[in-house]
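The basis for the numbers below is simple: all heavy atoms, side chains too, and nothing from hydrogens, waters or symmetry mates. Quick note on labels: first sequence line is chain A, next is B, and so on, each numbered from 1.
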There are 2 protein chains.
Amino acid sequence: MNKRPSIKDVAARAGVSMATVSRVLSGDYPVADETRQRVQRAVRELDYVVNAHARALHGATSKVVALVVAEVTTPFFARIAAGVEQQATEANRLCLVCTTHADPDRELDVVRLMREQRADAVILAGGVVENDDYRARMRQYAQGLEDAGSRLVLCARPSLGPDFPAITVEYENVGGAHAATTHLLTAGHRDILMIAGPAGLTTSDQRVEGYRTALTAYGRPIDPALISHGPWDREGGYLRMRALIAAGARFTAVFAGNDGVASGAMAALREAGRRIPEDVSIVGYDDVPSAVDFNPPLTTVRVPQEELGRTAVKLATQRSGEASGREHVMLGTHVVVRGSVRAPAP
Amino acid sequence: MNKRPSIKDVAARAGVSMATVSRVLSGDYPVADETRQRVQRAVRELDYVVNAHARALHGATSKVVALVVAEVTTPFFARIAAGVEQQATEANRLCLVCTTHADPDRELDVVRLMREQRADAVILAGGVVENDDYRARMRQYAQGLEDAGSRLVLCARPSLGPDFPAITVEYENVGGAHAATTHLLTAGHRDILMIAGPAGLTTSDQRVEGYRTALTAYGRPIDPALISHGPWDREGGYLRMRALIAAGARFTAVFAGNDGVASGAMAALREAGRRIPEDVSIVGYDDVPSAVDFNPPLTTVRVPQEELGRTAVKLATQRSGEASGREHVMLGTHVVVRGSVRAPAP
DNA sequence: CTGTTAGCGCCTTCAG
DNA sequence: CTGAAGGCGCTAACAG
């Protein structure tokens with residue numbers, strides 16, 4: 001195994017100084033054509049590649065953006081990741097992906113690692129429990145990352161205010177829920193069950209809020225018994241829907257906190273002999289790719305995940321001069337109408 | 001904005017030398033307890049973090065593993081990524097994710113970037129068109145990465161032979177297809193349509209091979225007219241199934257090259273008025289999470305994606321001494337029986 | 001246009 | 001147990 005060549009070896013072989021090699025490598029510097037050729041040939045012959053670390057040791061930054069999420073398997077995060085990766089590539093950056101499993105300790109570790117790496121952007125994505133502890137943590141991260149020359153980006157979660165030193169990219173979460181609920185209301189439904197996510201989680205709470213404002217705007221009262229909080233995966237949707245049916249809850253439509261919940265709820269409804277959409281209408285949230293395969297295809301709310309990821313990187317990597325580092329962007333959502341909603345039986 | 005502190009600042013504050021700070025930081029070196037305390041306090045007060053690049057400049061490696069895939073959005077790759085990320089974290093490594101969009105040029109770029117990064121493992125995952133060009137490319141990567149001190153891992157794709165300097169982690173792809181086809185045969189089906197992926201792609205070809213061997217083992221002839229090659233996403237499945245139905249193809253069961261194809265094929269069948277599984281049985285491949293939401297739930301082949309990713313990292317990061325760097329692991333697959341197969345109508 | 005000379009921040013001998 | 005000194009590979013002044 002040959003030891004990997006350094007710029008010095010290239011210089012020797014090309015018969016020039018290290019500085020010259022460095023110059024032709026970086027490109028943006030006048031070098032005689034003939035010299036350039038010689039260097040390039042030496043590079044090729046030695047199969048030389050720069051050492052990114054040595055290079056990064058100089059400038060403050062390191063050409064990598066980091067994405068920090070709770071999990072990578074869910075379609076929601078996978079698509080944010082896709083957007084981040086795309087735009088990172090476009091911005092000539094590498095993309096680091098880390099998971100926290102929603103564990104603050106792990107999150108702290110990860111952010112420290114990112115500081116060590118001098119990543120030029122750290123994107124924290126996904127809903128959170130927005131308590132004092134959270135705010136304190138974020139403030140700490142912002143400080144540490146800024147010192148390390150990185151930009152902090154809050155993605156798919158609420159802004160921490162215009163004074164907080166972070167870029168925020170969120171989506172019309174309340175608005176989407178409002179629209180989804182209104183979609184059911186205008187179809188004629190009045191008793192709408194909401195199977196939400198865990199109470200306190202921003203993503204879920206905002207969707208509940210949209211549900212409430214829509215009902216209120218329609219002159220309907222809010223019935224707390226019709227709002228269920230809990231784990232928002234398929235199983236959570238299944239179990240809670242089954243329990244609600246067993247408890248004799250009265251409703252003609254369901255607003256599921258996300259498509260996973262919708263999937264489970266639909267299974268439970270079917271088991272109980274309720275047909276969709278003849279007996280019960282249902283709307284989901286997120287528009288996961290498989291929503292189209294549901295039975296029937298699920299009407300749901302489209303969230304621009306890739307766009308969220310892309311925008312996060314775009315804002316974070318634009319030249320620092322013309323950016324405040326506190327931009328705040330809100331991306332739109334909209335209802336995708338498929339086959340799971342119908343007017344209630346008279 | 002404070003300039004980030006260096007080890008020198010910590011040393012000054014703690015009233016010791018840089019060497020001492022370095023020692024307490026790395027941990028594995030005798031340092032007087034009192035001194036250690038002082039240093040640690042200085043670290044805390046300054047909120048100091050090491051510079052990963054300066055550190056990497058020394059050792060050959062850099063504590064990152066890189067995953068290179070065609071896309072990140074498909075559940076198949078997302079789950080491999082999850083496995084890689086998990087095990088990387090466990091092995092105290094960072095996880096870099098890059099996509100190539102199946103473009104060899106882009107792939108070349110990415111591998112070069114990984115060499116620059118001195119990643120200690122580069123995992124190329126997913127099926128490929130295994131031609132001479134591919135083999136030559138891989139040989140080139142292997143060479144370059146070895147020189148850079150990295151390990152090359154081929155994941156979820158065929159080995160390039162025991163002499164090829166790479167770790168390989170694949171799964172029983174032919175076997176899974178064989179089992180899936182046999183599952184249909186034993187249910188009584190004789191005319192089984194195979195909607196495969198693109199011809200030449202290893203993943204798809206192996207599945208076709210399993211289909212063939214199963215039929216042959218059952219004493220059935222292979223009817224080329226029943227094998228369709230093409231894009232293996234939902235749309236590809238939909239369009240081809242629709243065309244096949246229109247062309248009057250005769251079959252009682254379908255083996256879809258993957259679950260996406262199965263999803264599209266099911267939609268086309270339903271549109272044509274064929275009930276599943278009463279009129280037509282269908283088996284997919286991959287067992288994507290949403291397979292359970294299909295109508296009916298899809299019988300399919302489980303591929304251990306997380307395990308593939310985890311194993312790749314595990315093998316690549318085990319201490320070099322006790323590893324040849326040419327390990328070859330084959331992980332199993334199995335049929336997951338759900339509701340999409342039934343005996344053919346008599 | 002090109003070469004020389006300092007570091008970047010850290011680790012690692014080698015001496016105390 | 002601790003400190004001083006050299007160098008990892010590269011870039012960025014500063015001279016020629």
> Looking at Thr20(B), does any N or O in its side chain come under 4.0 Å of the phosphate oxygens OP1/OP2 on dG3(D)?
Replying inline: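 It does, given that an N or O in the side chain of Thr20(B) lies less than 4.0 Å from OP1 or OP2 of dG3(D).
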> Does a side-chain N or O from Ser22(A) land closer than 4.0 Å to OP1 or OP2 of dT11(D), or not?
Replying inline: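 Answer is yes, contact under 4.0 Å.
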>> Is there a salt bridge (charged side-chain N to carboxylate O under 4.0 Å, His left out) between Asp132(B) and Arg135(B)? Walk through the geometry before answering.
In response: CA-CA 5 Å; Asp132(B) 286 345; Arg135(B) 275 182 287 267; 3.0 Å; yes
Between [X] and [Y], what is the shortest heavy-atom contact and its length?
| X | Y | value |
| --- | --- | --- |
| Cys155(B) | Gly309(B) | SG-N, 4.5 Å |
| Gly83(A) | Arg310(A) | O-CG, 3.3 Å |
| Ala14(A) | Arg38(A) | O-NE, 2.9 Å |

>> Using heavy-atom distances to pick each residue's nearest nucleotide on DNA chain C, tell me which of Asp33(A) and Met18(A) is more 5'.
In response: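 Nearest nucleotide further toward 5': that of Asp33(A).
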Nearest-Å distance, [atom1] ([X]) to [atom2] ([N])?
| X | N | atom1 | atom2 | answer |
| --- | --- | --- | --- | --- |
| Arg4(A) | dC10(D) | CZ | P | 10 Å |
| Asp9(A) | dG9(D) | CG | C1' | 10 Å |
| His53(A) | dC10(D) | NE2 | C1' | 13 Å |
| Ile7(B) | dT12(C) | CD1 | C1' | 12 Å |
| Arg55(A) | dC10(D) | CZ | C1' | 8 Å |
| Glu116(A) | dC11(C) | CD | P | 10 Å |

Strictly by modelled atom types, are [X] and [Y] linked by a side-chain donor-acceptor pair under 3.5 Å?
| X | Y | value |
| --- | --- | --- |
| Arg157(A) | Tyr134(A) | yes |
| Glu71(A) | Thr99(A) | no |
| Glu146(B) | Ser150(B) | no |
| Glu170(A) | His328(A) | yes |

> Considering only heavy atoms and no angle criterion, is a donor-acceptor pair shorter than 3.5 Å present between the side chain of His58(B) and the base of dG7(D)?
Replying inline: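 Looking at the base of dG7(D), it does pair with a donor or acceptor on the side chain of His58(B) (distance under 3.5 Å).
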>> So if I take every side-chain heavy atom of Leu57(B) and compare against dT11(D), dC10(C), dG9(C), which nucleotide ends up nearest?
In response: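 Between dT11(D), dC10(C), dG9(C), the one nearest the side chain of Leu57(B) would be dG9(C).
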> Out of dT2(D), dC10(D), dG3(C), which has the shortest distance to the side chain of Ser17(A)?
Replying inline: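 My answer, after comparing the listed nucleotides, is dG3(C).
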>> If you take any heavy atom closer than 4.0 Å to DNA chain C, which residues from residues 34-52 of chain A end up in contact?
In response: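 Only Thr35(A) qualify.
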> Do you know which of Arg112(B), Arg115(B), Gln143(B) makes side chain to side chain donor-acceptor pair (under 3.5 Å) with Asp47(A)?
Replying inline: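 Of the listed options, the one satisfying the test is Arg115(B).
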I'd like a list of close polar pairs between nucleotides 13-16 of chain C and the protein, N/O only, cut-off under 3.5 Å.
unit_1, atom_1, unit_2, atom_2, d
dT13(C), O4, Arg23(B), NH2, 3.3

